[in-house]
Number of protein chains: 4
Amino acid sequence: MPKTNAEKQENIIKAAGIVFSQKGFHQARMDEIAEAAGVAKGTLYYNYSSKSKLFAATVTCGLNRIMAAIEAELASDLPFLDHLRAIVATIIRLYISNKEVTRIYANEMSSGIEDEVRSEIKAVREQFTAFVEAQLQTGQEKGYLAPLPSHLSAVAVIGIIDALCSHHLEHPDLHSPDELTDTVFTILSSGLARNRQAGE
Amino acid sequence: MPKTNAEKQENIIKAAGIVFSQKGFHQARMDEIAEAAGVAKGTLYYNYSSKSKLFAATVTCGLNRIMAAIEAELASDLPFLDHLRAIVATIIRLYISNKEVTRIYANEMSSGIEDEVRSEIKAVREQFTAFVEAQLQTGQEKGYLAPLPSHLSAVAVIGIIDALCSHHLEHPDLHSPDELTDTVFTILSSGLARNRQAGE
Amino acid sequence: MPKTNAEKQENIIKAAGIVFSQKGFHQARMDEIAEAAGVAKGTLYYNYSSKSKLFAATVTCGLNRIMAAIEAELASDLPFLDHLRAIVATIIRLYISNKEVTRIYANEMSSGIEDEVRSEIKAVREQFTAFVEAQLQTGQEKGYLAPLPSHLSAVAVIGIIDALCSHHLEHPDLHSPDELTDTVFTILSSGLARNRQAGE
Amino acid sequence: MPKTNAEKQENIIKAAGIVFSQKGFHQARMDEIAEAAGVAKGTLYYNYSSKSKLFAATVTCGLNRIMAAIEAELASDLPFLDHLRAIVATIIRLYISNKEVTRIYANEMSSGIEDEVRSEIKAVREQFTAFVEAQLQTGQEKGYLAPLPSHLSAVAVIGIIDALCSHHLEHPDLHSPDELTDTVFTILSSGLARNRQAGE
DNA sequence: TATGAATGAGTATTCATTCAT
DNA sequence: TATGAATGAATACTCATTCAT
C-alpha cells in the first residue's frame with residue numbers, strides 16, 4: 001500500500017503550492033505540477049476540474065491551515081497587548097514558514113483568473129481579514145484599542161505584515177523574524193512617533 | 001496637426017496602462033493595447049521591443065510621475081507630523097487617482113515577467129521605498145520618530161497604504177480617501193492602541 | 001486497426017518529406033505538414049519539439065534509408081569497375097525514387113536553420129561521403145583506381161551525381177536514368193577525354 | 001561629392017552579396033542589408049522593387065562578373081587539354097575568390113523565392129552551363145573529347161566544381177586550390193580509373 | 001481510478017513593404 | 001532622390017483540456 005488516497009491529494013496540493021509560488025499562476029504549467037507531484041497530468045484533472053480550481057484549492061487549503069494554526073495557538077488569556085503581540089508573532093512565523101502560500105497570497109490575487117475562482121480566493125482572504133478584525137474589535141470593546149474603523153484597521157494590519165514578510169522573503173538576511181515582529185508590534189501599539197509618554 | 005511624436009508615445013503608454021491594469025500582464029493582449037492606442041500592432045513593436053519592455057516602460061513612467069508629483073507637493077516647512085500627514089494624504093490621493101498604475105504596481109510584480117524587466121521595475125519600486133525612508137529618517141533625526149529600523153518602517157508604511165488603497169479601489173463606497181488618510185496617519189503617529197497619555 | 005504508433009510517426013515524417021521538398025524549409029508551414037499528415041499541429045510538437053527538429057528527423061531518416069538500401073544492394077563480388085557502375089546506378093536510382101529527400105538534401109543545407117540541427121544533417125551527409133570514400137579506397141588499394149585524394153574524389157563523385165539528378169528532376173524528359181548512369185560512369189572510369197587506348 | 005550614383009548602387013549590391021551569402025535568402029533582412037550598405041531601408045526599395053529583385057540583381061551581377069572574367073582569361077590558343085585545365089583552374093579560382101556569390105549560387109536556388117525571380121536566376125545559371133557546354137562541344141568537334149551528351153557533361157563538370165569548391169569553403173585547410181584543380185582535371189581528362197594505357 | 005497521447009484555440013513576434021515628407 | 005516611421009499579414013509555438021484505454 002504505497003499511498004493512501006488522501007496522501008496523493010496532499011502530494012498534489014503540496015506540489016501545486018511549490019510550483020504556483022515559484023512561477024505564479026500563469027507561468028505554472030500543469031505538466032510541471034503533475035511531474036512534481038509524481039502523477040500523470042490526467043490525474044490532476046481527475047481530481048480538480050481545471051487549473052483555476054487547483055489553484056483555488058491550493059490557496060484555500062494553505063490559508064485554512066494558517067488560520068487553524070493561529071487559532072490553536074491563541075486560545076490564551078493573555079493581557080490584550082501581549083495577546084496582540086502574540087497574534088502578530090504567530091502570523092509572521094506562519095507566513096514565513098508557509099512561504100509558498102504567502103507568496104501566492106501576496107502576489108497572485110491579480111487579474112487573469114476565472115472570476116468564479118477569484119471570488120473563492122477573495123472569500124478566504126476576507127475570512128482571514130474578518131478573523132483579524134474580530135480580534136481588534138475585542139480589543140476595542142475592552143478599551144485597549146482606539147476606536148478606528150475596525151475593518152480598515154484589519155486591512156492595515158494585514159498590509160503591514162504582508163509587506164514586511166514579502167520583504168523578508170526577498171531579503172532573508174537583512175532582518176530576523178523577531179525584528180519584524182517588534183517593528184509591527186511597535187507600530188501597532190504606539191505608532192512611529194516617539195513615545196510621548198516619556199514626558200517629552 | 002494630428003499628433004506629435006511625443007503624443008503618440010504617450011498614447012501608447014496610456015493605453016497600455018489602462019489595459020495592463022484591467023487585465024494584468026499576462027492577460028493583456030498586444031492586439032488590444034494597439035487598438036486602444038489607435039496604432040497598428042507593428043507600431044508597438046517599432047517603439048518597444050517586447051511586451052515586457054512595454055510593461056516596464058508603462059510602470060516606470062507611471063511611478064516616476066507619482067514620485068515627481070509627491071516631491072513637487074512636499075517642498076514644505078510644515079512641522080514634522082503635519083509633514084507626515086501631508087505625505088500620506090498625497091500618496092493616497094495620487095495612488096487613487098493613478099489607479100491604473102497602482103493596480104499594476106500592487107498586483108503584477110509577480111512571477112512570469114522577463115527577469116531583466118522585473119529588475120527594472122523592482123528598481124523603481126525601491127527608489128520609491130528609499131524616498132519614503134528618507135522622509136522617515138529626517139523625522140528620526142529631528143527626534144520626532146522612534147528609532148525603528150527605518151527601512152522596515154518605510155516598507156511598512158508603503159504596505160499599509162498599498163493595502164488600504166487596494167481595498168478602497170475594490171470597495172470605493174465603504175470609506176472616503178480622507179478616512180484612509182486618517183487611519184494611516186493615526187496608526188503611524190500613535191498606533192492602534194488607545195492613547196495612554198490620556199491617563200487611562 | 002486504424003494506426004499503430006509507428007505508423008503515425010511514419011505518416012508525419014512522410015508528410016514532412018513531401019512538404020519540405022516542395023516548399024523548402026522556410027516556406028514549409030507546420031500547419032500544412034500537420035494537415036498532410038492528418039494530425040493536429042499540436043501532435044507535431046508533441047513528437048518533435050520544433051520545426052528544425054522535425055526537419056532534421058526527416059532528412060536523417062531519408063538518408064539513412066537510402067544508405068541502407070545501397071548497402072543492401074551492394075554486397076556483391078563483382079569486378080571492381082562493375083561494382084563502381086552498380087554503385088552509381090544504385091545511388092542514382094535511389095536518389096530519383098526518393099526525390100523528396102534528394103531535393104531537400106541538395107537544396108536546403110543552406111542558411112537559416114538552427115545550428116544544432118544543421119550539424120546533425122551535416123553529420124549524416126558526411127557519413128554518406130565517408131561511405132562513398134570507403135568504396136573508392138577499396139578500389140585504390142586493389143589497384144583499380146588512380147591514387148587521387150580519396151576524400152576529394154568522393155566529394156566529386158557525389159557532386160556529379162547530385163548535379164545530374166537535380167538536373168534530371170527539373171527536366172525529367174531530357175535524359176533517362178540510364179543515360180545519367182552511363183554519363184557518370186564514363187566520366188568516372190575514363191574521363192571526358194576521348195579514350196586514347198583506342199590507339200589514337 | 002562623396003559618392004556617385006553608381007557607387008551607391010555598387011555598395012548596395014556588395015552589401016547584399018555579403019549578407020545574402022552569410023544568412024541565405026530567407027534569413028537575410030532588408031534592415032541588415034540597408035545598414036551594411038550605409039543607406040536607409042527606403043533606398044533599397046527605391047532602387048529595387050523587392051527583396052527578390054535585389055537578390056536576383058545580386059546573383060546575376062556576380063555570375064556575370066565571373067563569366068566575363070573567365071572569357072577574358074581564356075582568349076587563348078592553347079592545346080585543348082591545356083585549355084580545359086585552364087578553364088577549370090580559372091573557374092575554381094573565381095569561385096573561391098567570389099565566395100559570397102558562390103555560396104548563394106550553390107545553396108540558394110532552392111524553394112521559396114518568387115517564381116519570376118527564380119526564373120531569372122535559373123536563366124543566368126543556364127547561361128553559365130551553356131558557356132561550359134560550348135567549350136566542351138568545341139573539344140568534341142576537334143576530336144579531343146568523347147561524344148558524351150554535351151549538356152549532361154557540362155552539368156557534371158559544374159557539379160564537380162561546385163561540390164569541391166563548397167567543400168573547400170567549408171574546410172579551407174584540407175586542400176589547396178591547386179589540389180582541387182588537379183583533382184577535377186584528372187577526373188575530367190582520364191577518370192578515376194588507373195590509366196590502363198600504361199599497360200598494367 | 002489513472003494515464004498520457006492528441007488536440008487546437010490563442011498570441012507574441014517578425015519583417016517586407018509603403019508612403020508622407 | 002532618399003528617408004524611416006508605420007503597417008499588418010503571416011506563423012511558430014504553448015499549454016490547458018479531453019478521452020480512449
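Chain naming here is simple, since letters A, B, ... match the order of the sequence lines and numbering starts at 1 in each. The basis for the numbers below is simple: all heavy atoms, side chains too, and nothing from hydrogens, waters or symmetry mates.
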What integer distance in Å separates [X]:[atom1] from [N]:[atom2]?
X       : N      : atom1 : atom2 : result
A:Gln27 : F:dC15 : CD    : P     : 7 Å
C:Phe55 : F:dA12 : CZ    : P     : 14 Å
B:Phe25 : E:dA12 : CZ    : C1'   : 10 Å
C:Glu35 : F:dT11 : CD    : P     : 14 Å
A:Met30 : E:dA5  : CE    : C1'   : 17 Å
B:His26 : F:dT14 : NE2   : C1'   : 13 Å
D:Glu32 : E:dT17 : CD    : C1'   : 18 Å
C:Arg29 : E:dG8  : CZ    : C1'   : 16 Å

Considering non-hydrogen atoms only, spot the tightest contact between [X] and [Y] and give its length.
X       : Y       : answer
C:Arg65 : C:Asn98 : NH2-OD1, 2.8 Å
A:Ser50 : A:Tyr45 : CA-CE2, 4.1 Å
B:Ala40 : B:Ala34 : C-CB, 4.0 Å

When the nearest nucleotide of DNA chain E is assigned to C:Val39 and to B:Asp31 on a heavy-atom basis, which residue is associated with the more 5' position?
-> C:Val39
Results of side-chain contact (heavy atoms from CB on, under 4.5 Å) for A:Ile13 - residues two or more places apart only =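 Listed in chain order: A:Tyr48, A:Leu54, A:Ala57, A:Thr58, A:Cys61.
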Is the charged tip of D:Lys51 near the ring of D:Phe25: under 6.0 Å from the six-membered ring centre and within 45° of its axis?
->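 Yes, a cation-pi geometry.
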Report yes if the side chains of D:Ile33 and D:Leu44 come closer than 4.5 Å at any heavy-atom pair, otherwise no.
->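 A side-chain contact under 4.5 Å exists here.
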Of all the base pairs, Watson-Crick or G-U under 3.5 Å, which form stems of three or more consecutive pairs involving DNA chain E?
->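 Runs of three or more consecutive pairs: E:2-21 with F:2-21.
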In Å, rounded to the nearest 0.5 Å, how long is the span from CD1 of D:Ile12 to CG of D:Asn47?
->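 Here the rounded value is 4.5 Å.
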Name the nucleic acid region contacted by D:Ala34, choosing base, sugar-phosphate or nothing; use a 4.0 angstrom heavy-atom cut-off, strictly under.
-> nothing
Counting just side-chain N and O atoms, does B:Tyr45 come under 4.0 Å of either OP1 or OP2 of E:dT13?
->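 For E:dT13, OP1 or OP2 has a side-chain N or O of B:Tyr45 closer than 4.0 Å.
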Would you please confirm or rule out a distance under 4.0 Å between OP1 or OP2 of E:dG4 and any side-chain N or O of A:Lys41?
-> no
Which of the following nucleotides, [options], is nearest to the side chain of [X]?
X       : options               : answer
D:Lys51 : E:dT3, F:dC13, E:dT17 : E:dT17
A:Thr43 : E:dT13, E:dT3, E:dC15 : E:dT3
C:Asn47 : F:dA16, E:dA6, E:dC15 : E:dA6

In terms of the nearest nucleotide of DNA chain F, which residue is placed more toward the 5' end: B:Ala40 or D:Gly38?
-> D:Gly38
